[in-house]
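Read through the structure below, which is laid out as structure tokens, and then see the notes.
A, B, ... follow the sequence lines: proteins, then strands. Residue 1 opens every chain.
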Amino acid sequence: MKPLEDRIATQVKNLPRSGIRDFFELVLGRDDVISLGVGEPDFSAPWHIREAAIFSLEKGHTSYTSNLGLLSLREEISKYVTEQFDVTYDPKSEILITVGVSEALDLACRALLNPGDEVIYHEPCYVSYNPSIALAYGVAVPVETKVEDEFVLKAEDVEAKISDKTRLLLLNFPTNPTGAVEPIEELEKIAKLAVKHDLIVISDEIYSELLYGDDSGMVRGEHTSIASLPGMKERTILLHGFSKAFAMTGFRLGYSCAPPVLTEAMMKIHQYSMLCAPIMSQHAAIEALKNGAEEMESMRVAYAHRRNLMLKRFEEMGVPCFAPGGAFYLFPDIRKFGLSSKEFATQLLEEENVAVVPGTAFGNAGEGCVRACYATAYDKLEVALDRIEAFVGRLKN
Amino acid sequence: MKALLELLQKEARLSTSQMADRLGKTEAEIEAALQSLTSDGAILGFHAVIDSDKVGDHRVSALIEVKLTPEREGGFDRLATRIAKFDQVSNCSLMSGGYDLSVIVEGDDLREVARFVSEKLSTLDGVVSTATHFRLKVYKQNGFQAFDQPEDERLPVTP
């Protein structure tokens, strides 16, 4: 028998090991670690949403739903997206409920890529972009964004990477891991590029509610979706979900909004793989959209409190860190300490029991920075910051 | 101001500098805001929310529904204020519905509360009737849940 390693498909074998996973293993088994390494809210989903899921089970809703998802949920999503993103989708033909945004991204890549097609995206970025493209036999073409530019994606840098093989442009604003928000002028230029070069845009807007509009972050910022810009709705796949703003990561529920032809193509794959998203999660999501606005805002305000603390403390301890407009991450610049991201994160963990994620886990462009997530209880953050301060104090001397 | 009030309702014991950190303000701004809220009487006071079972406090508490005869000109105000002034009364509100005043009374034991109701409350001119309900167990008070919260179950590092 051939060794089992040789049975693994080439594109799977070629996937690099996840930097997150490496670091996860370092953290496991250590006691008293304060982790700023998570990528999800520390809140449980609001009680009324959990209660809706319980009620769904109690009523005996344990069957499949339509492949597209419950129509009542798609109708609520259509209303919500119109309000939040200023672009309207037909719930019957343009909205597909998926198992998290990750599934929707995978579907979009598989539905749209032929082998060798190129996908342009910006790094540092969410860890699954590159693998999703590779598994769909596409070619990943990262565009580097820089800490000096506060990780703004420049249209000119995108244009420089466009070739006759480019099919897709994959965007994520606000960005995980940097928290960066794209300035509207630049977003407009990118939209024009997409039209000019006839590209389809996949826009992952999972953090779009978590925006900090003023210096103190107390005012929620305005979100602009690229889908709402002129000429863009017909070429954009808008991805969104419930994980971040409603603190529903474990419900595994996302959705895509796209023209009927694209939705149909994605649904074709979805119906043979996932079939449908879990019905109790779908019922919980209806409750979230109908009655979740107030608690979402109070969670956002809690994140703003923590963001203020983190920014102030990093400034006081002399760690350069730009004030990102969204998400719940800071991406401080640690280059002045003369360590690589991985060395910094590993030593911080070993010496002070604080976990941050090396920027390189999010692509090479993340070198020189680490991701510190502030979705953690305030008093724990205070302790973590004291420990970081002690650590960088030693590095400086 | 709204953000400050929301913060105070959850965590009133923060120092002004901690409040300033959270709200992205200076300490002086927070102190000025607190000063004006207090002098306006907008903040009535601060207190700890205590789970009395945990500290072995066996005092009793009762909710008393009180029906009153409203007075010409004053309505319920004169009588309600008079009732609210008793030290035994911790909360006193005018209600819509089947009775007029909702009064929460605290006492060392059942007898003390009973005596307060029979001797002080129901003998007041204008009090038509009372119905006393003793508290048996607390699940939530002033927005705080009186049962153990689950631990953080998140994996330490996730994308």
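- Side-chain contact check for B:P159 versus A:I20: some heavy-atom pair is nearer than 4.5 Å.
- Annotation: the span from B:D21 atom CG to A:N308 atom CG amounts to 8.0 Å, rounded to 0.5 Å.
- For the set B:E6, B:R154, B:E153, the count of heavy-atom pairs under 4.5 angstrom toward chain A peaks at B:R154.
- For B:Y139, the OH atom counts as loosely surrounded, since its 6.0 Å shell holds 12 or fewer non-hydrogen atoms of other residues, nucleotides or ligands.
- Of the inter-residue distances, the one linking B:K10 atom NZ with A:Y378 atom OH reads 13.5 Å to the nearest 0.5 angstrom.
- When the candidates A:I34, A:V27, A:D42 are compared by the number of heavy-atom contacts under 4.5 Å with chain B, A:D42 comes out ahead.
- By the 6.0 Å contact criterion, CD on A:E316 is enclosed, its count of non-hydrogen atoms from other residues, nucleotides or ligands being greater than 12.
- With a threshold of 4.5 angstrom between heavy atoms, B:E11 does not approach chain A through any atom at all.
- The environment of A:N364 atom CG is sparse: at most 12 non-hydrogen atoms of other residues, nucleotides or ligands sit within 6.0 angstrom.
- For CD of A:E25, the number of neighbouring non-hydrogen atoms (other residues, nucleotides, ligands) closer than 6.0 Å is greater than 12.
- Here the shortest heavy-atom pairing between B:Q18 and A:E382 reads NE2-OE2, 3.7 Å.
- Taking CD from B:E29 and OG from A:S216, the interatomic distance works out to 9.5 Å, rounded to the nearest 0.5 Å.
- Contact annotation for A:T249: neither backbone nor side-chain heavy atoms come within less than 4.5 Å of a heavy atom of chain B.
- At distances below 3.5 Å, at least one donor-acceptor pair connects side-chain atoms of B:T158 with backbone N or O atoms of A:G39.
- Enclosure of atom CG in B:D125 is not indicated, since only 12 or fewer non-hydrogen atoms of other residues, nucleotides or ligands lie within 6.0 angstrom.
- Within a 6.0 Å sphere centred on CG of A:D215, heavy atoms belonging to other residues, nucleotides or ligands number 12 at most.
- Paired with B:R22 under the rule side-chain contact (heavy atoms from CB on, under 4.5 Å), one option of A:R306, A:M218, A:H305 passes, and it is A:H305.
- For the pairing with B:P156, the side-chain contact (heavy atoms from CB on, under 4.5 Å) check across A:L26, A:L28, A:L36 returns one residue only, A:L28.
- Among A:R313, A:R371, A:R21, the residue making the largest number of heavy-atom pairs under 4.5 Å with chain B is A:R371.
- Applying the 6.0 Å contact sphere to CD of A:E315 captures no more than 12 heavy atoms from other residues, nucleotides or ligands.
- A pairwise comparison of heavy atoms in B:V157 and A:F24 identifies O-CD1, 3.5 Å as the closest pair.
- For B:R13, the CZ atom counts as loosely surrounded, since its 6.0 Å shell holds 12 or fewer non-hydrogen atoms of other residues, nucleotides or ligands.
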